[in-house]
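Along the sequence shown, the residues carry numbers beginning at 1. Start at 1 and go down the list; that is how both ligands and their atoms are numbered.
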Amino acid sequence: SYTQIRFTLTDGVGVITLNRPDRLNSFTEVMHTELARALDTLQAHAGLRGLVITGAGRGFCAGQDLSERKPADDGSRRDLSLMLEKCYRPLITRLRALPVPVVCVMNGVAAGAGASLVLACDVVFAVQSARFVQAFSKIGLLPDAGGTWFLPRLVGSARAMGAALFGESVSATDAQAWGLIWRVVPDDALDATLSDITATLAAGPTRAYAATKAALHASSGNTLAQQFDLECQLQRELGYTDDYVEGMRAFAEKRPPAFTGT
Ligand code: T3D
């Protein structure tokens with residue numbers, strides 16, 4: 001019942017594939033509605049352990065579908081904040097708040113809000129031929145969908161300014177060197193990367209992952225003292241989990257842990 005994304009949920013791990021390959025998976029209102037529906041399902045799933053986002057075809061996501069933005073003949077203007085508030089803000093906010101790792105497997109180019117979506121994910125793998133284009137300035141806009149928040153935090157002000165102002169493409173190799181993404185993989189390793197990461201998430205210490213995500217995200221707004229308080233609170237909770245008991249047992253028995261996510 002999805003037309004512009006594919007969505008599966010197996011062993012607690014959701015996989016969303018943006019699926020408008022002939023338009024480089026650019027965002028439409030329909031795609032946003034379908035993404036919101038998939039996120040509803042994920043949020044309601046008690047045994048959720050992770051989410052992977054990727055794209056069909058040669059691109060990951062080219063941002064807003066500009067064919068929905070054809071200039072009116074009379075030259076009239078539109079309020080661009082409406083779609084941002086209605087669609088992009090909830091999407092990015094919900095992905096950040098999801099209490100499991102959100103991993104992007106970037107199968108190709110990410111531009112405009114597509115690049116912001118990548119940066120909102122907790123971990124990013126990109127194929128060698130993938131690239132980022134901060135396309136906004138080319139059409140007279142600023143990076144949105146959280147782009148101006150994520151970019152400087154990930155790569156610092158100099159690189160954020162250069163990339164955002166000039167909109168040149170940033171290769172996957174540079175993106176990794178800059179700290180914009182976690183890892184570049186060979187193009188022919190796309191499927192293997194997808195299956196490895198879904199298996200890792202399905203077998204991971206889910207509550208530790210949730211705590212790690214929450215603490216790392218909170219750190220940029222916290223003092224060291226506040227962060228210690230948060231670590232104490234979260235580590236106290238993790239000390240009572242089954243996965244911690246199993247982790248300790250596995251260490252003592254010199255075997256890999258079998259985490260249940262509880
Ligand atoms: O409007 C609001 O609500 C404000 C919100 C804004 C959020 C935004 O995301 S603004 C930024 C929008 N995105 C862009 O400006 C990117 C536009 N696309 C590109 O710059 C390039 O396509 C890429 C750099 C992404 C890839 O280049 P390339 O050479 O690999 O592919 P291509 O040939 O340009 O694209 C292939 C096809 O996809 C092509 O169609 P065709 O010629 O085969 O019929 C192209 O028109 C189409 N396409 C690419 N991006 C979009 C798109 N169609 C609609 N919307 C797109 N964003």
Subset of ligand 1 atoms that lie under 4.0 Å from at least one heavy atom of Phe136: 7 (C), 8 (C), 9 (O), 10 (S)
Leu24 CG to Phe60 CZ distance, which is reported to the nearest 0.5 Å: 12.0 Å
Ring-face cation of Arg49 near Tyr209 (centre distance under 6.0 Å, axis angle within 45°): no
Cationic N near anionic O, under 4.0 Å, Arg159 to Asp174: no
Check against side chain to side chain donor-acceptor pair (under 3.5 Å), Thr17 and Asn19: CA-CA 6 Å; Thr17 306; Asn19 193 23; over 6 Å; no
Nearest neighbour in protein (non-hydrogen) for atom 25 (C) of ligand 1: Ala111 CB, 3.7 Å
Under-4.0 Å heavy-atom contact between protein and atom 8 (C) of ligand 1: yes
Sub-4.5 Å side-chain heavy-atom contact between Leu230 and Asn222: yes
Atoms of ligand 1 close to Gly63 [distance to a heavy atom under 4.0 angstrom, numbered from 1]: 9 (O)
Atom 45 (C) of ligand 1: any protein heavy atom closer than 4.0 Å: no
Salt bridge Glu29-Lys86, side-chain N to carboxylate O under 4.0 Å: yes
Identity and separation of the nearest protein heavy atom to atom 54 (C) of ligand 1: Asp65 OD1, 3.2 Å
Mode of Ala113 contact toward ligand 1 - side chain, backbone, both, neither (heavy atoms, under 4.0 Å): both
Minimum-distance protein heavy atom relative to atom 24 (C) of ligand 1: Val133 CG2, 3.9 Å
Salt-bridge present (Arg89, Glu85; N to O < 4.0 Å): yes
Which residue and heavy atom of the protein sit nearest atom 57 (N) of ligand 1, plus the separation: Gln64 O, 2.8 Å
Nearest neighbour of atom 2 (C) of ligand 1 from the list Arg69, Glu29, Lys138, on a heavy-atom basis: Arg69
Whether His32 and Phe27 hold their rings parallel, tilted or perpendicular, with breakpoints at 30° and 60°: parallel
Pair Arg131 + Glu168, salt bridge at N-O below 4.0 Å: no
Sub-4.0 Å atoms of ligand 1 with respect to non-hydrogen atoms of Leu80: 1 (O), 2 (C)
Distance flag for atom 42 (O) of ligand 1, protein heavy atom under 4.0 Å: no
Qualifying residue for side chain to side chain contact (heavy atoms under 4.5 Å, CB included) with Val102, from Ile16, Leu95, Val52: Leu95
Atoms of ligand 1 close to Gly112 [distance to a heavy atom under 4.0 angstrom, numbered from 1]: 9 (O), 11 (C)
Close-contact set for ligand 1 against Arg131 heavy atoms, below 4.0 Å: 26 (C), 27 (O), 28 (P), 30 (O)
Atoms of ligand 1 close to Ile139 [distance to a heavy atom under 4.0 angstrom, numbered from 1]: 10 (S), 11 (C)
Sub-4.0 Å atoms of ligand 1 with respect to non-hydrogen atoms of Ala135: 14 (C), 15 (O), 16 (C)
Nearest protein heavy atom with distance in Å, relative to atom 34 (O) of ligand 1: Leu24 CD1, 4.9 Å
Contact check: Val109 vs ligand 1, nitrogen or oxygen atoms, below 3.5 angstrom: no
Distance from atom 37 (C) of ligand 1 to nearest protein heavy atom, with residue and atom: Asp22 O, 3.9 Å
Under-4.0 Å heavy-atom contact with ligand 1, by part of Leu84 that carries it: neither
CG-CG distance between Leu98 and Leu42, expressed to the nearest 0.5 angstrom: 6.0 Å
Proximal atoms of ligand 1 relative to Leu66 (non-hydrogen, under 4.0 Å): 12 (C), 14 (C), 15 (O), 54 (C), 55 (N), 56 (C), 57 (N)
Arg20, Arg23, Arg58: member with heavy atom nearest to atom 36 (C) of ligand 1: Arg58
Heteroatom distance test (Ala62, ligand 1): nitrogen or oxygen, under 3.5 angstrom: yes
Beyond-backbone contact of Leu238 with Tyr244, side-chain heavy atoms, under 4.5 angstrom: no
Ile53 vs Val105 side-chain heavy atoms within contact, under 4.5 Å: no
Atom CH2 of Trp149 with >12 non-hydrogen neighbours under 6.0 angstrom: yes
Nearest neighbour in protein (non-hydrogen) for atom 6 (C) of ligand 1: Asp144 OD2, 3.5 Å
